[in-house]
Amino acid sequence: MLEKINNLKGVIESLNASSVEEVEALRIKYLSKKGEVSALFNDFRNAPNEQKREIGQKLNELKNLATDKINALKENLSNKLEDECTIDLTRTSAPLPLGKRHPISLVRNEIISIFSRLGFSIAEGPEIEDDWHVFSALNFAADHPARDMQDTFFIQRSPDVLLRTHTSSVQSRIMTSQQPPIRIICPGRVYRNEAISARAHCFFHQIEALYIDKDVSFTDVTQTLLYFAREMFGQDTKIRLRPSYFPFTEPSAEMDISCNICGGEGCGFCKHTGWVEILGCGMVDPNVLESCGIDSKEYSGFALGMGVERITNLKYRVKDLRMFSENDVRFLDEFEAAH
C-alpha cells in the first residue's frame with residue numbers, strides 16, 4: 001500500500017491543467033468521494049496493524065498534497081485569465097503621450113488656490129446673460145461706452161441678452177441671492193467684440209473677487225492684493241495702487257507689481273518703468289449694494305478683477321495671446337514641467 005501511495009504522490013506532483021474544466025476534472029478524479037485518494041483511504045482498513053500509523057500519516061500527506069496542487073492550479077489559471085483581461089488588443093504598439101494641462105488652467109487653478117487660503121469660495125454663473133446683471137446692477141449708466149456694439153456681443157440683436165463682458169455678472173447674481181457676509185471668487189470666460197491680435201482677443205478669461213461684510217475698508221483690499229502678489233510672483237514682489245475709475249467701485253484703483261523679469265530695475269517688458277499693471281480693484285459702490293438689495297449703511301466691501309491671460313503672460317512670458325486658443329501641441333508641451 002505504501003508503494004501505491006508513493007506512486008500516486010508522484011502522479012499528483014506532476015499534474016498540470018490549461019483550463020478551469022481540466023482542473024475540475026482532476027479534482028473529481030483524485031479528491032471526490034470516488035476518487036483515487038479516497039479509494040486508498042477505503043483500503044486503509046485492510047492494512048496491517050503494525051503499518052497503520054505510518055500508512056495513515058502518508059495518506060494524510062497525500063490528501064494535503066492533492067488539495068494544495070488543485071488549489072495552485074486554480075490560482076494560476078485565475079491570474080492568467082486576469083492578465084489576459086487587462087490587455088487591450090486594440091491599443092497601438094507605439095507609446096501614447098500623456099496630455100498636458102493648458103497654461104490658462106494652470107494659472108487659473110493657482111489663483112483659485114491662493115484666494116481659497118484666504119477663505120474665498122468659488123461662484124459661477126451663465127456666459128449668456130441679461131443686461132441688468134452685466135451692466136445695470138453694477139452702476140453702468142445707460143449711455144456708458146461699454147454698452148456700445150463695438151464692445152459687446154448681443155444675442156439675436158436683442159439689447160437685453162448678451163455674452164457677458166466680465167465675470168462681475170456673477171457678483172451681482174450672488175449679491176441679489178444672499179446676504180453678507182459674502183466672500184467669493186468668480187472665474188470664467190468672457191467675451192468682447194474686439195479685433196483679434198497678439199495683444200487682444202474676442203474671448204478671454206477673468207477671475208474676480210468680492211468681499212462684503214461689516215467694516216470692510218480699503219486696507220483689506222490692499223493687504224489681500226499684497227498677499228496675492230507675493231504668493232503668485234514671489235515674496236520680493238512689491239505692489240503700487242494708482243487711482244482709476246470703474247462704474248461699480250468707488251474709490252477705484254489699478255494695481256501694478258514690480259516687474260518680475262528685471263526685479264523693478266527697468267527692462268523692455270515693463271517699458272523701463274519697473275512696474276507692470278495686472279488688475280483693477282476698489283471699494284464696492286454703495287449704489288451697487290443698494291441695487292442688489294444690500295444695506296450700504298450697514299455693509300461695505302471690495303471687488304477686484306484680473307485677466308488670467310495677463311497673469312499667464314507675466315508668469316510664463318507668452319507674448320502672443322492667440323497661442324492660448326490655437327491648441328498647438330508643441331506650445332502646450334512647453335508647460336509640462338509646470339504640472
Side-chain angles (χ1 to χ4, degrees), residues 104 107-108 111-112 115-116 120-194 200-213 216 221 224 244-250 252-254 278-294 296 299-311:
I104 294 296
V107 173
R108 174 184 179 274
I111 295 173
I112 290 175
F115 279 94
S116 295
F120 287 80
S121 59
I122 298 176
E124 296 180 329
E127 295 182 4
I128 299 178
E129 264 289 8
D130 57 67
D131 178 274
W132 192 86
H133 286 98
V134 176
F135 295 127
S136 299
L138 298 171
N139 204 36
F140 281 81
D143 58 351
H144 194 280
R147 295 174 177 266
D148 194 289
M149 282 288 292
Q150 298 298 317
D151 296 324
T152 307
F153 287 108
F154 290 95
I155 307 298
Q156 297 179 345
R157 299 182 180 179
S158 171
D160 296 323
V161 183
L162 50 96
L163 296 178
R164 66 184 182 188
T165 57
H166 49 198
T167 53
S168 301
S169 58
V170 181
Q171 298 181 19
S172 59
R173 284 186 173 273
I174 295 297
M175 285 188 286
T176 54
S177 62
Q178 69 182 65
Q179 285 295 304
I182 297 172
R183 188 180 299 195
I184 58 169
I185 51 174
C186 313
R189 182 180 295 180
V190 298
Y191 305 84
R192 294 184 185 175
N193 192 4
E194 297 183 2
H201 211 292
C202 62
F203 70 86
F204 53 97
H205 300 79
Q206 280 188 339
I207 290 185
E208 301 193 23
L210 175 70
Y211 176 39
I212 300 175
D213 205 344
V216 177
V221 67
T224 299
S244 185
Y245 167 76
F246 303 110
F248 38 85
T249 54
E250 178 61 36
S252 304
E254 289 185 348
I278 65 167
L279 58 81
C281 63
M283 300 298 296
V284 179
D285 193 298
N287 291 332
V288 174
L289 296 176
E290 294 293 341
S291 66
C292 292
I294 296 176
S296 61
Y299 296 103
S300 58
F302 68 75
L304 60 93
M306 68 192 81
V308 180
E309 280 83 351
R310 178 63 169 168
I311 304 299

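What you are looking at is a predicted structure, and each value in this text was computed from that prediction instead of being measured.
- The ring-ring contact (aromatic ring centres under 6.0 Å, His included) search around Tyr245 returns none, not counting sequence neighbours.
- The shortest heavy-atom contact between Leu279 and Gly305 is CB-O, 3.1 Å.
- In terms of the ring-ring contact (aromatic ring centres under 6.0 Å, His included) criterion, His133 has no residue partners (sequence neighbours excluded).
- Ring geometry for His166 against Phe248 counts as perpendicular: the plane angle is over 60°, on a 0 to 90° scale with 30° as the lower cut.
- To the nearest 0.5 Å, atoms CD1 (Ile207) and SG (Cys186) are separated by 9.5 Å.
- Judged by distance alone, with hydrogens and angles left aside, the side-chain atoms of Arg108 form no donor-acceptor pair with the main-chain N or O of His205 at under 3.5 Å.
- Interatomic distance, CZ of Phe302 versus CG of Asp213, reported as 10.5 Å (0.5 Å rounding).
- Distance CD/Glu290 to CG/Asn139: 11.5 Å, rounded to 0.5 Å.
- Listed by chain and residue number, Phe120, Phe228 satisfy the ring-ring contact (aromatic ring centres under 6.0 Å, His included) test with Phe115 (two or more places apart in sequence, or in another chain).
- Atom CD of Glu129 is separated from atom OG1 of Thr152 by 12.5 Å, given to the nearest 0.5 angstrom.
- A search for side chain to side chain contact (heavy atoms under 4.5 Å, CB included) contacts involving Ile128 returns Ile155, Val161, Leu163, not counting sequence neighbours.
- Atoms CG and OG, from Asn287 and Ser296 in turn, are 8.0 Å apart once rounded to the nearest 0.5 Å.
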Does the pair Phe204 and Val308 meet the rule for a side chain to side chain contact (heavy atoms under 4.5 Å, CB included), with working shown?
-> CA-CA 8 Å; Phe204 53 97; Val308 180; over 6 Å; no
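- Listed by chain and number, the residues in a side chain to side chain contact (heavy atoms under 4.5 Å, CB included) with Gln179 are Ile294 (sequence neighbours excluded).
- Not a single ring-ring contact (aromatic ring centres under 6.0 Å, His included) links Phe246 to another residue, sequence neighbours left out.
- Counting heavy atoms from C-beta outward, Tyr299 and Val284 have side chains that stay 4.5 Å or more apart.
- Of all non-hydrogen atoms in Ser168 and Glu208, the two that sit nearest each other are OG-OE1, 2.5 Å.
- A distance of 8.5 Å separates CD1 of Ile182 from SG of Cys292, quoted to the nearest 0.5 Å.
- Counting only heavy atoms from C-beta outward, the side chains of Met175 and Val288 approach each other to under 4.5 Å.
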